[in-house]
> 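One structure, as structure tokens, below. Some questions next.
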Amino acid sequence: PRPEYIPGHIPDPNYVRIFDTTLRDGEQSPGATLTSSEKVEIARNLAKLGVDVIEAGFPIASPDDFNAVKQIADTVGQEVYEDGYV
């Protein structure tokens, strides 16, 4: 099971925290663009996989990026899954 998230501290020394930058760096490739709904879907799936930290994008980059990051934080960041994790 995942330990409680405490910034800068991992109580279990055998636990590897997963930090994903797909939504931030994924659009840096030429021709790779995602809609807000695609970003939310990807974030949901990353959360279901047990990713501990999701970098959702660059909200300052554009109004659409801002809205996508906000939507991910407001929805995906608040959903509680069957295993009890957000």
Side-chain angles (χ1 to χ4, degrees):
R2 276 193 278 183
E4 176 185 1
Y5 180 74
I6 304 168
H9 178 70
I10 301 174
D12 179 356
N14 295 314
Y15 183 77
V16 176
R17 206 172 288 288
I18 306 296
F19 188 103
D20 186 272
T21 61
T22 302
L23 296 172
R24 186 195 74 198
D25 294 341
E27 289 192 315
Q28 301 305 310
S29 302
T33 57
L34 299 167
T35 65
S36 291
S37 61
E38 288 171 329
K39 290 179 183 182
V40 171
E41 181 180 350
I42 290 169
R44 269 203 178 102
N45 283 304
L46 289 170
K48 286 178 183 176
L49 285 170
V51 170
D52 296 292
V53 180
I54 299 170
E55 281 206 2
F58 291 111
I60 195 71
S62 70
D64 188 52
D65 263 12
F66 176 86
N67 290 330
V69 171
K70 181 169 180 7
Q71 187 176 3
I72 289 166
D74 290 346
T75 59
V76 178
Q78 303 301 319
E79 292 173 338
V80 179
Y81 296 99
E82 290 178 18
D83 63 3
Y85 294 107
V86 177

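Just so you know, these numbers come straight off a predicted model, no measurement behind them. Heavy-atom basis, side chains included; hydrogens, waters and symmetry copies ignored.
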> How close do Ile18 and Val51 get, counting heavy atoms only, and between which atoms?
O-CG1, 3.7 Å
> Might you point out which heavy atoms bring His9 and Arg17 nearest each other, and give the distance in Å?
O-NH2, 3.4 Å
> Between atom NZ of Lys39 and atom OG1 of Thr22, what is the distance when rounded to the nearest 0.5 Å?
12.0 Å
> Can you name the nearest heavy-atom pair linking Val69 to Phe58, along with the distance?
CG2-N, 4.5 Å
> Quick check: closest heavy atoms across Val76 and Arg44, and the distance to 0.1 Å?
CG2-CG, 3.6 Å
> Going from CG on Leu23 to CG on Leu46, what distance comes out if it is rounded to the nearest 0.5 angstrom?
6.0 Å
> Determine yes or no for a side-chain-to-main-chain donor-acceptor pair under 3.5 angstrom, with Asp20 supplying the side chain and Ile54 the backbone.
no
> Please say whether more than 12 non-hydrogen atoms of neighbouring residues, nucleotides or ligands are located less than 6.0 Å from CD in Glu41.
no
> Run Asp25 and Glu55 through side-chain contact (heavy atoms from CB on, under 4.5 Å) and show every step you take.
CA-CA 9 Å; Asp25 294 341; Glu55 281 206 2; 6.0 Å; no
> Would the number of heavy atoms belonging to other residues, nucleotides or ligands and lying under 6.0 Å from CG of Leu49 be above 12?
yes
> Given 3.5 Å as the limit, does a donor-acceptor pair link the side chain of Thr35 with the main chain of Glu38, or not?
yes
> Answer yes if Phe66 and Ile72 sit in the same cluster of Ile, Leu, Val, Met, Phe, Trp and Tyr residues linked by side chain heavy atoms under 4.5 Å apart, and no otherwise.
no
> Only one of Asn67, Asp65, Asp64 clears side-chain hydrogen bond (donor to acceptor under 3.5 Å, both in side chains) with Ser36; which?
Asp64
